[in-house]
Each structure stands twice: as structure tokens, then as C-alpha cells.
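The structure under discussion appears below in the form of C-alpha cells.
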Amino acid sequence: MDKNQVAQALEEVATLLQLKKDASPFEVRAYENAARTISALDDDIERLVKEGRLKGIPGLGPTITRRIEELVTSGRLSFLEELRAATPSIKLELLRIQGLGPRRINAIVDQLHIASLEDLERACKEDRVAALPGFGKKTQEKILQGLAFLAEHGHRYLYPVAEAEGLRMREALASRPEIVRVQVAGSLRRRRETVKDIDIVASVADDADSAIRQRVMNFFTGQPGVRQIVSKGETRSSIILASGIQMDLRLVTDRQFPYALHHFTGAKEHHIPLRRRALSMNMTINEYGLFRGKEPDLELVPCKDEVEFYAALGLAYIEPELREDMGEIEAAERGELPTLVEERDLRGVLHVHSVWSDGKNTIRELAEACCERGLSYLGITDHSQSVGYANGLSVENLQRQWEEIDRLNAEFAGRLVILKGTECDILKDGSLDYPDEVLARFDFVIASIHSHFTLSPQEQTERMLRAIANPYVTIIGHPTGRLLLERPGYTLDIEAVIEAAARHGVFIEINASPQRLDLDWRYVRKARDRGILIPIDPDAHSIAGLADMHYGVGIARKGWLSAADVLNTRPLEELVALLQRRKASR
DNA sequence: GCCGTTTTCGGCCCGACTGTTTTCAGTCG
């Protein structure tokens with residue numbers, strides 16, 4: 001049993017507890033805190049339990065410690081099983097409806113005997129929900145809308161979709177004379193791989209009156225492409241766009257802007273320890289400011305931006321991407337935060353498909369595009385022979401492709417170097433799709449899985465480990481195979497993959513395609529900690545796909561990578577030397 | 001359920017908006 005399974009069980013306890021009628025919100029929070037504590041552990045959970053070292057970890061008291069010990073030693077948690085047995089699954093489903101929380105769910109399910117979403121819809125249409133005490137017509141209407149929304153858009157959105165909407169609205173608001181500062185916040189600013197909604201923070205002059213605020217809010221809710229106005233006030237309004245994504249605007253005075261921007265950037269998990277820290281320094285934080293002292297003698301600690309905000313708390317500036325409660329506050333306190341990699345640090349690209357397999361552009365077109373982007377090397381990695389659907393290259397065609405690359409390298413000399421690579425399939429048994437004597441002739445080899453996704457976790461892990469042990473493999477491509485919002489990755493032991501890659505000197509890519517963003521940023525940091533260099537690879541199938549590097553850089557930053565941790569920030573000579581060293585170590 | 005250089009009891013991060021209420025509960029982020 002690993003710590004993630006333990007954390008998941010504790011989170012499930014928290015979710016089920018809040019659906020109990022007499023639930024204490026603080027008990028719920030205790031389990032949520034414990035889940036976070038566990039998932040942030042560096043030590044092996046089984047060893048901690050065996051050695052009795054759970055005690056003393058802040059956030060784990062006697063009860064939760066006992067429950068974790070039961071779970072880890074027996075593989076079961078009787079408390080969780082009792083909660084599951086006592087909680088109708090419909091209550092969990094109803095939690096996904098906007099505007100329905102535990103209290104109302106309990107009222108609905110227990111008093112109206114609702115057992116399915118269809119039951120709830122019928123009860124609304126028959127006005128039985130509105131008749132419940134504390135409910136009314138409008139609440140009932142909101143529930144119906146929530147049901148419809150869940151059916152249509154019960155999912156999250158990929159980063160690029162949300163980014164485009166967010167930037168468009170920011171531009172529109174920035175053009176208004178009432179607006180002083182405006183910024184996209186929320187999970188979008190933190191560059192999460194998917195987002196549920198878009199948060200925008202804007203400021204008006206400190207002396208702006210109610211009429212000015214209303215003008216801004218009218219402008220916001222009156223934008224083209226607004227499908228529905230969810231709520232509208234003078235400090236907060238919420239709309240649903242034609243794409244189905246929800247967008248919130250928070251309006252503050254310009255003096256409040258840095259605090260509000262910080263507040264709405266989140267993550268909530270980052271704020272909780274930060275506020276605790278503030279309290280211990282005799283300060284409090286809310287979205288309108290950082291205050292010293294206690295009510296009613298609060299004194300604003302002036303900050304003109306977030307840098308000063310963190311400084312007032314005795315911390316180095318924490319980049320938005322890092323605000324996930326993953327140890328960033330402790331690192332900021334010690335001044336050990338990394339300088340994060342930026343797009344302009346990239347010197348070349350290593351994972352690009354051409355018309356030789358399933359790409360849309362010729363190598364020459366791709367090379368020109370790389371020159372325009374100021375890159376100095378391009379690794380061409382078409383698919384290998386067994387990938388029929390993607391027009392994988394036979395050994396004969398490889399020979400012809402290499403001749404073309406040689407000609408182009410002569411032509412582009414002094415501007416760009418084209419490297420001979422391959423995205424070689426890892427076959428079912430972990431062997432590679434070209435024989436060793438062919439693999440030996442590439443400048444580098446990306447090995448990826450594109451088939452047999454349903455092997456058992458053990459088989460899938462062994463398959464990957466065998467590929468990593470192959471002395472010709474340079475980079476592991478999209479290591480989990482996930483497609484965001486479509487399918488989970490193949491089940492394998494990613495920690496074992498990282499460990500093996502570190503041992504064999506194999507690089508693991510961040511696949512920058514916004515549907516993949518694989519390796520996940522949570523593991524990027526672990527790979528970095530094991531000394532693995534990470535290439536940021538566009539997996540481009542066209543010139544336009546080269547721009548996906550932008551998303552890969554976001555994930556690299558979330559994974560705490562500095563330029564030195566990224567393979568393709570290296571100048572050509574250094575990259576070639578690294579690839580040759582790999583070859584020589586065989 | 002956890003925690004303690006004020007506390008072993010009484011706190012626990014904080015505020016906006018909505019709707020059903022006549023002062024506040026529920027939900028959300």
C-alpha cells in the first residue's frame with residue numbers, strides 16, 4: 001500500500017463524513033488535512049507504520065493514526081467501510097451539482113426519498129423540492145439547471161481552451177477606462193493541466209463609486225458569448241460562456257488588488273498554511289488585505305504587489321505555478337525556491353513528426369519554422385515500423401529519410417542542425433520496434449507505448465522497465481499514456497519507472513501536447529529530485545504543434561524545474577555531448 | 001478530529017452572493 005492510496009482513503013472518509021447529518025465540519029477538515037499531510041510525505045508509509053513513526057507528524061492525532069495503521073497493516077479500513085455502507089451513492093452524485101452541498105442533499109434525499117438524478121429531476125418538476133423547508137422556487141430552478149449542466153458539461157476543460165477565453169476577457173476588460181489592473185487568476189494562472197472555471201481579478205480606482213462598479217459588471221456580463229449570468233454583484237459576478245465554461249470576475253479597489261490577486265490565484269491548499277503562518281505572526285489575511293493586529297485595531301500592511309505580500313510574511317516570492325502546498329512555503333522561508341524555466345530558455349525541440357509518418361509538414365518546412373522560432377536544433381522522430389495506423393517507417397524508408405536529413409543539414413548549415421531520431425514503439429514484451437543495429441544508428445531514440453494499454457500493472461511496469469534497460473533508448477515518451485479528460489494512463493508503477501530511468505541514465509519527457517502533459521507535474525519534481533534531465537517535447541505533428549511547447553513549459557514550472565533541469569535548454573554542443581555520453585556508456 | 005510560549009476546552013481561514021428569511025443558513029471558492 002502506498003501513501004497515495006492512504007491519502008485517497010482519508011479523502012473519501014472526509015467526503016462521506018460531510019454527508020452525515022450531524023457532521024462536524026472540523027472533523028471533516030481534520031481528515032482532509034491528514035490526507036494532504038500523507039500525500040506530502042517523503043518517507044515510505046509502510047515503513048513509517050512499521051516503525052511507529054506516524055505519531056508526532058503534525059495533523060495526525062491518535063484517532064487518525066490508528067486508522068492509518070489499520071489500513072496499512074490490514075489493507076482495510078473498517079471506519080470507511082461503515083461510512084460507505086451508511087451513505088447512499090446518490091448523495092455522492094448530488095455533490096457534483098452546483099449549489100447543492102451536504103445540508104441540502106441530506107434534506108432532499110432523506111425527506112423526498114430520492115435515489116437517482118432522474119428522481120430528483122421529477123421531484124423538481126412536481127414542485128416537491130420547493131416545498132421543503134428552507135427551499136423555494138428559485139432553489140428548485142437552480143437545481144434543475146445544475147442537473148442540465150451536469151448532463152452537458154459535467155467535465156473540466158483543457159488548459160488551452162480556458163487560456164484563450166481568459167486572455168480574451170482580460171483584453172476586453174483592459175480596454176475599459178474604469179479598470180486599473182486586470183489579471184487572470186485561479187487554476188489557470190497556476191497552469192493546472194485542466195480547469196473547471198476561469199477567475200479574473202480586476203481593480204478600479206480606490207475612490208470608485210458603486211455606479212462605476214456596476215458599469216464594469218454590466219460590461220462583463222454583457223460580453224458576446226455569455227450564455228448565462230449565474231450571479232451579479234458589485235464585487236463578484238459569475239457567467240457561463242458559450243463553451244460551457246464558467247468565468248468569475250472579482251472587482252476590488254486598486255489598493256486591494258495584490259491581496260485579491262493572491263487570494264483568487266489559490267490554491268486553497270496553499271492558503272491554509274499561509275494563513276496559519278500569518279496568524280502566528282499576529283497578522284490575518286483575507287482577499288482585501290494583509291492586516292496586523294486583532295479586531296477592531298486592524299492595520300493594513302501595505303503591499304504594492306505579490307512580491308511585497310510574500311516579503312511581509314517573511315517569504316521569498318512564490319511563483320503561481322508552485323502554489324499547491326507541495327513544500328513551497330518551507331522552501332520560500334529557506335530561500336531555496338528554484339528559478340523556474342521559461343520558454344525563452346529552450347534551444348531546440350526533440351520530438352517532432354513529419355510527413356514521413358503521420359505529420360502534416362515536410363522536414364524542410366519544420367526546419368524553417370524552427371529557425372523562425374530561434375531554435376538551433378530539431379529532432380525528427382517519426383513513428384517506427386509496426387505503427388501501421390500512423391504510417392510507421394520501415395528500415396528502408398528510414399535510410400531514405402536519413403539521406404534527406406543529410407541533404408537538409410548541408411543546406412541549413414550554420415542555422416539549424418537536424419537530428420536523426422525516432423519515436424520507437426515499445427512492443428508488448430518490452431522489446432523495441434527496430435533491431436539494435438538500426439537503433440544504434442540514430443542520434444537519439446524516444447521509446448513510447450502505443451498499444452496493449454490493458455496489461456496488468458506488473459506486466460506494464462516490467463514492459464517499461466525492460467525498454468528503459470535497452471542501451472539504445474535515450475528518452476521515454478509520454479510515460480503514462482494518459483489523454484486528459486478522455487482516458488487515464490496505463491496503470492504502471494511510475495515511481496519504479498523514475499527509479500529505473502535514473503539508474504540507467506534515461507531521460508523522461510514532458511510531452512507538451514495539451515491533451516497529454518505527461519509526465520504529470522507531480523512526478524516531474526520526483527524525477528528531477530532523482531537527477532533525471534527532462535526534455536520538454538512538443539510531440540508536434542505540424543508546424544502549429546511546435547507552439548505546444550508553451551504548455552510543456554507550464555508543466556515543467558509546476559514541477560519546480562529550472563532551466564538546468566531541462567534537457568533541451570542545453571546548447572547544441574552540450575546536447576550532442578550528453579547524447580554521445582549516453583552512447584558511450586553502453 | 002487536532003491542537004496548545006495565552007488554552008487540555010474551545011477554537012479551527014475568510015468573505016460574497018443567493019434565497020428564504022425578517023437576521024441568517026447554505027454554498028462556493
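Only a predicted model underlies this, so the values are computations on that prediction, with no experimental measurement involved.
Straight-line distance from the CZ atom of A:Phe79 to the P atom of B:dG1: 6 Å, rounded to whole Å. Taking atom CG on A:Leu100 and atom P on B:dG26, their separation rounds to 13 Å, with Å as the unit. A:Lys55 places its NZ atom 13 Å from the P atom of B:dC3, with the value rounded to the nearest Å. When the P atom of B:dG26 is taken as reference, atom CD1 of A:Ile143 falls 14 Å away, rounded to whole Å. When the P atom of B:dG10 is taken as reference, atom CD of A:Glu27 falls 19 Å away, rounded to whole Å. Going from atom CD1 of A:Ile105 over to atom P of B:dG26 covers 13 Å, rounded to whole Å. Atom CD of A:Glu269 and atom P of B:dG29 are 13 Å apart (whole Å). Residue A:Arg276 contributes atom CZ, which lies 10 Å from atom P of B:dG4 at whole-angstrom precision.
Comment: A:Asp520 does not engage A:Arg525 in a salt bridge, judged by the lack of any side-chain N to carboxylate O separation of less than 4.0 angstrom. Look at A:Glu324 and A:Arg192 and you find a salt bridge, because one of the NZ, NE, NH1 or NH2 atoms lies within 4.0 Å of a carboxylate O, short of that distance. Look at A:Glu81 and A:Arg76 and you find a salt bridge, because one of the NZ, NE, NH1 or NH2 atoms lies within 4.0 Å of a carboxylate O, short of that distance. Between A:Glu126 and A:Arg122 no salt bridge is recorded (no basic side-chain N to carboxylate O distance below 4.0 Å). The pair A:Glu319-A:Arg557 meets the salt-bridge criterion, since a charged nitrogen lies less than 4.0 angstrom from a carboxylate oxygen.
One distance of note links CZ of A:Arg334 with CD1 of A:Ile329; it measures 12.0 Å at 0.5 Å rounding.
Closest contact between the side chain of A:Pro62 and the listed nucleotides B:dT27, B:dC2, B:dC12 involves B:dC2. When distances run from any side-chain atom of A:Ala30 to the nucleotides B:dT27, B:dC14, B:dC2, the shortest one goes to B:dC2.
Spacing between B:dC14 and B:dC9 at atom P, rounded to whole Å, works out to 24 Å. A gap of 12 Å separates the C1' atoms of B:dC2 and B:dT8, to the nearest Å. Taking atom C1' in both B:dC12 and B:dT7, one finds a spacing of 13 Å when rounded to whole Å. Across B:dT18 and B:dG11, the matching P atoms stand 31 Å from one another, rounded to whole Å. One P atom belongs to B:dT20, the other to B:dT27, and the distance between them is 13 Å to the nearest Å.
Looking at A:Asp248 and A:Ser238, their side chains do bring a donor and an acceptor atom within 3.5 Å of each other. At a cut-off of 3.5 Å, with distance as the only test, a side-chain donor of A:Arg36 or A:Asn33 sits close to an acceptor on the other residue. A side-chain donor-acceptor contact under 3.5 Å links A:Thr253 and A:Gln256.
Regarding the sugar-base torsion, B:dT7 falls in the syn class, its angle being within 90° of 0.
Each of A:Gly61 and A:Lys268 was matched to the nucleotide of DNA chain B holding its nearest heavy atom; the match closer to the 5' end belongs to A:Gly61.
Contacts of A:Tyr31 with the nucleic acid, taken as non-hydrogen atoms under 4.0 Å apart, involve only primed sugar atoms and P, OP1 or OP2. Among the heavy atoms of the strands lying under 4.0 Å from A:Ile285 are primed sugar atoms or P, OP1, OP2 only; no base atom is included. Looking at heavy-atom distances under 4.0 Å, A:Arg277 makes no contact with the nucleic acid at all. At the heavy-atom level, A:Gly59 lies under 4.0 Å from the strands shown only through sugar-phosphate atoms. Residue A:Pro25 is classed as having no contact, given no heavy-atom separation below 4.0 Å to the nucleic acid. At a threshold of 4.0 angstrom between heavy atoms, the contacts of A:Ile97 are confined to the sugar-phosphate backbone, with no base atom among them.
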Could you run through nucleotides 16-24 of chain B and give me one letter per nucleotide, 5' to 3': B if any protein heavy atom sits under 4.0 Å from the base, S if only the sugar-phosphate is that close, - if neither?
-> BSSSSS---
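Less than 6.0 angstrom separates the ring centroid of A:His262 from the ring centroid of A:Tyr310.
Between A:Ser24 and B:dG1 there is no side-chain N or O to OP1 or OP2 distance below 4.0 Å.
Of the nucleotides present, none pairs with B:dT8 by Watson-Crick or G-U wobble criteria with both distances under 3.5 Å.
Using cut-offs of 30° and 60° for the angle between ring planes, the A:Tyr159 and A:His550 rings count as tilted.
Contacts between residues 187-200 of chain A and DNA chain B, counted as heavy-atom distances below 4.0 Å, involve A:Lys196, A:Asp197.
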